[in-house]
Amino acid sequence: MLRLTIAAVVATLATTFPAPASALRLEAESSGMVWNAVAVDHGRVFVAGPRWSGSTGPAVGVLDRGKVRPFPDSRWNSWKPGVDPATAFVNVNAVHLDGRGGLWAVDTGSPEFGGAPLPGGAKLVRIDLLTTRVTRVYPFPSDIATPRSYVDDVRFNGSTAYLTDGGQAGLIVLDLHTGQARRVLDGDPSTTAPDNRPIVVDGTVVRGPDGSPLKVNADPFELSPDHRWLYYGPLEGPWSRISTALLDDPTVPAATLAAHVQPWADLPPTGGTAIDRAGNLYFSDLAHNSVNRRAPDGTVTTVVQDPRLHWTDALFLTPDNRLWLPVPQLDRAPAFNGGTSHIQFPVQLFSFPLAHGKTFD
């Protein structure tokens with residue numbers, strides 16, 4: 001006779017049946033701003049979105065009674081051709097909290113998707129959350145943010161920042177004390193989008209401005225809870241890992257660093273991720289309008305699935321175990337549709353509870 005333990009039954013159900021989509025809570029909507037990034041700090045909700053998506057309004061904003069107010073101020077959000085790109089946001093692709101009172105914005109420096117960064121435009125900007133003032137700008141010179149670069153996102157490990165480059169395949173390691181940056185794993189297979197893993201959304205292959213299948217190099221990444229490992233990969237997957245001790249040492253030869261890259265997880269194309277203190281990785285599955293969880297043992301389960309989660313991008317996990325989900329519908333942006341936007345407004349921002357003790361925790 002076949003006997004199943006309660007734990008086995010629960011595990012099977014967790015894999016087969018995601019949590020109810022009714023648990024999704026609509027937090028905000030926008031009729032103009034196309035946000036692909038969110039960060040939440042003590043009740044303040046910050047959003048950002050790339051200019052090339054057709055987004056209108058601020059590059060970085062804070063939600064204020066149903067509206068988006070420029071953050072930190074209007075001047076930083078007033079770039080237009082002719083304005084110094086070093087002192088305003090040109091194209092913000094990500095925002096991230098450092099846990100030490102700072103909100104950081106990653107500026108690719110180019111107003112066009114696939115365009116070369118403007119001189120002084122590619123930068124990492126720290127905004128003090130208490131004073132709402134910019135306290136540090138780290139510009140990336142042309143040998144770091146190259147003409148093919150799309151500086152994508154940032155994570156912090158003490159006084160070191162790691163950034164992915166979705167255009168010129170590689171990672172950027174930044175010393176926050178000195179401001180010196182280095183490129184590592186340039187052109188490595190672990191940072192390069194493969195040819196055989198197309199980005200598919202709602203059954204359609206996403207195509208770039210040239211009509212060929214869109215390829216995005218090093219894009220999603222997270223630090224392990226103990227900060228010993230950096231997990232990363234192209235948007236299309238798969239993911240690899242590298243020791244942060246090796247990344248942080250500028251004397252490690254490029255060949256040695258490449259030799260220490262290890263396969264980590266064969267994840268599908270994803271718009272964004274978040275990781276919790278237990279090492280559970282949450283990622284959007286673009287092909288299935290869902291958010292999944294990869295447990296530390298490698299088990300993958302569906303957390304929530306809903307047609308409204310069409311290209312969910314950079315996830316954000318709050319201390320109260322709530323997952324925030326910006327839904328920019330980037331595959332519908334003009335750059336991927338012959339110059340015509342197919343984004344269905346309003347663009348939405350959801351959140352979802354990851355309750356302890358449930359299968360979707």
Side-chain angles (χ1 to χ4, degrees), residues 6-31 33-49 62-63 65-66 68 95 97 201-202 220 222 225 267-332 343-361:
I6 293 177
V9 172
V10 170
T12 301
L13 291 176
T15 304
T16 307
F17 301 105
S22 59
L24 279 174
R25 185 170 76 194
L26 180 63
E27 299 286 355
E29 294 184 319
S30 171
S31 59
M33 186 177 183
V34 180
W35 47 53
N36 72 328
V38 62
V40 183
D41 179 75
H42 294 90
R44 286 192 294 177
V45 180
F46 303 94
V47 290
V62 58
L63 298 184
R65 288 170 290 186
V68 184
V95 290
L97 296 173
V201 184
D202 282 355
E222 297 292 347
L267 301 181
T270 180
T273 63
I275 195 168
D276 67 18
R277 293 179 180 179
N280 294 298
L281 180 78
Y282 300 91
F283 63 95
S284 67
D285 183 340
L286 296 181
H288 298 100
N289 297 328
S290 67
V291 174
N292 300 343
R293 178 189 64 184
R294 181 194 183 276
D297 66 1
T299 303
V300 175
T301 56
T302 299
V303 174
V304 62
Q305 187 172 26
D306 190 287
R308 292 174 294 174
L309 300 180
H310 183 101
W311 194 300
T312 301
D313 213 274
L315 315 182
F316 184 86
L317 185 60
T318 58
D320 63 353
N321 219 29
R322 196 166 191 92
L323 197 62
W324 287 66
L325 313 171
V327 187
Q329 311 169 45
L330 288 183
D331 61 300
R332 296 170 173 164
I343 292 175
Q344 298 176 11
F345 289 96
V347 167
Q348 296 177 313
L349 173 64
F350 295 97
S351 73
F352 187 84
L354 299 174
H356 284 290
K358 300 292 183 65
T359 59
F360 51 93
D361 175 34

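If you read the sequence from its start, that first residue is 1, and numbering goes on from there.
Put simply, the side chain of Phe350 does not reach to within 4.5 Å of the side chain of Asp306, judged on heavy atoms. Side-chain contact check for Ser351 versus Leu325: every heavy-atom pair is 4.5 Å or farther apart. At least one side-chain heavy atom of His310 sits less than 4.5 Å from a side-chain heavy atom of Val201.
Atom-to-atom distance recorded for Leu309:CG and His288:NE2 is 13.5 Å, nearest 0.5 angstrom. Taking CG of Leu281 as the reference point, atom CG of Asn292 lies at 10.0 Å (rounded to 0.5 Å). Here the CD atom belonging to Gln348 is positioned 9.5 Å from the CG atom belonging to Leu24, to the nearest 0.5 angstrom. Taking CG of Asp331 as the start and CH2 of Trp311 as the end, the distance is 6.0 Å to the nearest 0.5 Å. In this structure, the separation between CG on Leu26 and CG on Leu349 is 8.0 Å, given to the nearest 0.5 Å. Of the inter-residue distances, the one linking Asn321 atom CG with Asp276 atom CG reads 7.0 Å to the nearest 0.5 angstrom.
Distance alone, capped at 3.5 Å, is enough to place a donor-acceptor pair between the Ser284 side chain and the Gly271 backbone. The closest donor-acceptor contact from the side chain of Thr302 to the backbone of Val304 lies at 3.5 Å or more, if one exists at all. Between the side chain of Gln329 and the main chain of Gln344, a donor-acceptor pair closer than 3.5 Å is present.
Considering every non-hydrogen atom in both Leu97 and Phe316, the closest pair reads CD1-CZ, 3.6 Å. Taking each heavy atom of Met33 and Ser30 in turn, the nearest pair found is N-OG, 2.7 Å. Annotation for Glu222 and Ile275: closest pair OE1-CG2, 3.8 Å, computed over non-hydrogen atoms. Among all heavy-atom pairs drawn from Thr273 and Pro220, the shortest one is CG2-CB, 4.2 Å. Contact detail for Val95 and Ala48: the closest heavy-atom pair is CG1-CB, 3.7 Å. Nearest heavy-atom pair across Glu29 and Trp35 is C-CH2, 3.6 Å.
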Audit row: Leu317, Arg277, side-chain contact (heavy atoms from CB on, under 4.5 Å) steps and yes/no: CA-CA 10 Å; Leu317 185 60; Arg277 293 179 180 179; over 6 Å; no
Does the pair Asp202 and Asn289 meet the rule for a side-chain contact (heavy atoms from CB on, under 4.5 Å), with working shown? CA-CA 8 Å; Asp202 282 355; Asn289 297 328; 3.1 Å; yes
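Of the residues listed (Val303, Val300, Val291), the one engaging Phe283 in a side-chain contact (heavy atoms from CB on, under 4.5 Å) is Val300, and it is the only one.
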